[in-house]
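Computation of the quantities below employed the complete heavy-atom set of this structure, encompassing side-chain atoms and omitting hydrogens, waters and symmetry-equivalent molecules. Being a predicted model, the structure only gives us computed values, none of them experimental. So that the names make sense, note that chain A is the first sequence line, chain B the second, and so on, each numbered from 1.
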Protein chains: 2
Amino acid sequence: MMPPKNKIEVPDIVVSRLPLYLRALNFLAEEGVETISSAELAQRLGISSAQIRKDLSFFGEFGKQGTGYNVEFLRKKIKEILNLTRIWDVALVGAGDLGHALVHYGGFLGQGFRISLVFDNNPQKIGQEIAGLIIQPASRMKELIRQHGIQIAIIAVPASAAQKVTDELVAAGVRAILNYAPITLKVPPDVHVQYIDPVTRLQHMTYYLK
Amino acid sequence: MMPPKNKIEVPDIVVSRLPLYLRALNFLAEEGVETISSAELAQRLGISSAQIRKDLSFFGEFGKQGTGYNVEFLRKKIKEILNLTRIWDVALVGAGDLGHALVHYGGFLGQGFRISLVFDNNPQKIGQEIAGLIIQPASRMKELIRQHGIQIAIIAVPASAAQKVTDELVAAGVRAILNYAPITLKVPPDVHVQYIDPVTRLQHMTYYLK
DNA sequence: GCCAAATGTCACATTTTTTCACAAAATTCT
DNA sequence: AGAATTTTGTGAAAAAATGTGACATTTGGC
């Protein structure tokens, strides 16, 4: 087996597809499927089989000719690649409706993430419990995030507050941010940001309607 | 002024950036900025000015040499391009925590979208009011969506139910789906789907951590 | 009137991403 | 055992997207 190609950098778009592969593999594992070909996996995901094989080849050789991929094995490998062999603690900033929905969302824990800190700046909310967590004052963000060694945060505050929160998170040592506020954040180059904005997604689709 | 280039198809990736431009322009308009150059807009969005000019040139000539773009004018033009000169009624399927957060989210209305139907299949929830809307039984989806002439839907149900819901939405005439369930949906080629899954986004970022 | 600024466009160059095609390997069938 | 089939991994080709540089042109300011 060839060693992983550490020399050349893996394109970000390839990395972005790995979680989708993993999601499908998790599903297959639950179904009890032991082996799957790139063609069948591709069909489920609505992409081409060549793309899957090419993507995976950046990291190693995980399949068997004539057979395909062992679901459990590939699942494990992708988890390793994505650093999902541990549980990541996540800080959530903003305990509004969205924050509540996120804290109660059961989908994180099984996939390697645990919201372990929740912040808000509303005095009415601070101190309240939500899904077993006490809402902390935003003023203690830096302190607590440092203390917990947290590297990932979710921003669920209004757009007007998002940049300030971001600056504080970055100062506290956060290196990955999932941002639900509809605003482009300014961050240092070593901090990763992913955006989730339903409105821009809907607007994208209306282009094709009528 | 040249006519819009209707002959060649506009790349989807270009369309996907228009909502971001619009979002920035809305912000600028609120700030009272009347004019902006592609360079300044680019800086705010973290992309290149050439890209903005090239993207916009697919649709017409909206700027003024020596000056830049009139914020209000460009805003109006992008809204026209994206078919945002009307309000789109949206059906929401799933009245759980996420569904509640979406219904209460104030960000839709100002941007051209109004959730006007909410469905769930839980008898306990059906008939309840949520932000002025009565939760309807999933069994009435086809009927009510048809009746309201709704073309856009948001799926906020568990992954296990998402494909069934999708099939029903498509049968009811929905042509654009914003899917929060962590599963790739099968739809006819004329139906557009956008995916929102915080877990895959987080997993994407953990690749780069430690 | 002249200078500086900024767009729109063209033609390429460059980079990135996807697709193609096929040898090699593993499995199944007869 | 040998032939046929399946499927991977991967170079090579193709396609798509982005970046660059030049430049005519228009506008606004001095």
Side-chain angles (χ1 to χ4, degrees), chain A residues 1-18 20-21 24-25 28 33-75 77-78 81 204, chain B residues 1-18 20-21 24-25 28 33-75 77-78 81 204:
Chain A
M1 178 173 147
M2 274 181 67
K5 299 170 179 174
N6 290 327
K7 291 289 168 57
I8 51 168
E9 188 136 353
V10 179
D12 186 63
I13 194 161
V14 170
V15 176
S16 76
R17 281 190 291 260
L18 296 183
L20 302 179
Y21 301 163
L25 291 167
L28 288 164
V33 177
E34 288 182 6
T35 289
I36 191 159
S37 68
S38 60
E40 200 181 338
L41 188 56
Q43 209 198 356
R44 292 202 181 221
L45 293 168
I47 60 178
S48 78
S49 63
Q51 184 159 73
I52 292 180
R53 294 200 302 275
K54 190 87 182 195
D55 284 351
L56 295 178
S57 77
F58 278 99
F59 305 98
E61 304 185 356
F62 307 126
K64 220 189 228 177
Q65 278 121 330
T67 308
Y69 300 88
N70 177 284
V71 171
E72 274 308 331
F73 178 74
L74 184 55
R75 202 156 81 107
K77 284 300 175 185
I78 293 182
I81 293 164
H204 180 172
Chain B
M1 177 174 145
M2 274 181 66
K5 298 170 180 174
N6 290 328
K7 291 289 166 59
I8 50 168
E9 188 137 352
V10 178
D12 186 62
I13 194 164
V14 171
V15 176
S16 76
R17 282 189 291 259
L18 296 182
L20 302 180
Y21 300 164
L25 290 166
L28 288 164
V33 177
E34 289 182 3
T35 289
I36 191 159
S37 67
S38 59
E40 200 180 339
L41 188 57
Q43 208 200 354
R44 291 202 181 222
L45 293 168
I47 59 178
S48 78
S49 62
Q51 183 158 74
I52 292 181
R53 294 203 301 278
K54 201 168 248 185
D55 283 353
L56 295 177
S57 76
F58 276 101
F59 305 99
E61 304 184 357
F62 307 126
K64 222 187 226 177
Q65 279 119 333
T67 308
Y69 299 90
N70 177 285
V71 171
E72 275 306 332
F73 179 74
L74 184 55
R75 200 155 84 106
K77 285 299 175 186
I78 293 181
I81 294 164
H204 179 172

So [Y] and [X], do their side chains get closer than 4.5 Å, heavy atoms only?
X: B:Leu56; Y: B:Leu74; answer: yes
X: B:Phe59; Y: B:Val14; answer: yes
X: B:Val15; Y: A:His204; answer: yes

Find the distance [X]:[atom1] to [N]:[atom2] and express it as a whole number of Å.
X: A:Leu56; N: C:dT17; atom1: CG; atom2: C1'; answer: 16 Å
X: B:Phe58; N: C:dT9; atom1: CZ; atom2: C1'; answer: 12 Å
X: A:Phe62; N: D:dT10; atom1: CZ; atom2: C1'; answer: 15 Å
X: A:Ile13; N: D:dA16; atom1: CD1; atom2: P; answer: 14 Å
X: B:Asp12; N: C:dT18; atom1: CG; atom2: P; answer: 13 Å
X: B:Gln65; N: C:dT9; atom1: CD; atom2: P; answer: 9 Å
X: A:Leu41; N: D:dT8; atom1: CG; atom2: C1'; answer: 14 Å
X: B:Ile52; N: C:dT9; atom1: CD1; atom2: P; answer: 16 Å

Axis bend over the full length of the helix from C:dG1-D:dC30 to C:dT30-D:dA1, computed from five pairs that close each end, to 10 degrees: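 The angle, to the nearest 10 degrees, is 20°.
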
side-chain N/O A:Tyr69 vs D:dT6 OP1/OP2, d < 4.0 Å: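 Result: no.
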
Presence of A:Ser48 side-chain N/O under 4.0 Å of C:dT18 phosphate oxygens OP1/OP2: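 No.
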
Among [options], the nucleotide that comes nearest once only the side chain of [X] is considered:
X: B:Thr67; options: D:dT10, C:dT17, D:dT27; answer: D:dT27
X: A:Ser38; options: C:dT27, C:dT18, D:dT8; answer: D:dT8
X: A:Lys54; options: C:dT19, D:dT7, D:dG9; answer: C:dT19
X: B:Gln51; options: D:dT18, D:dG9, C:dT7; answer: D:dT18
X: A:Arg53; options: C:dT17, C:dT19, D:dT10; answer: D:dT10
X: A:Lys64; options: C:dA26, D:dT8, D:dA12; answer: C:dA26
X: B:Glu61; options: D:dG19, C:dT9, D:dT27; answer: C:dT9

Considering all heavy atoms, the nearest A:Tyr69-A:Ser37 contact: CD1-C, 4.5 Å

Minimal non-hydrogen separation, B:Asn70 against B:Glu72, with atom names: OD1-N, 3.1 Å

CZ-OH distance between A:Arg44 and A:Tyr21, expressed to the nearest 0.5 angstrom: 15.0 Å

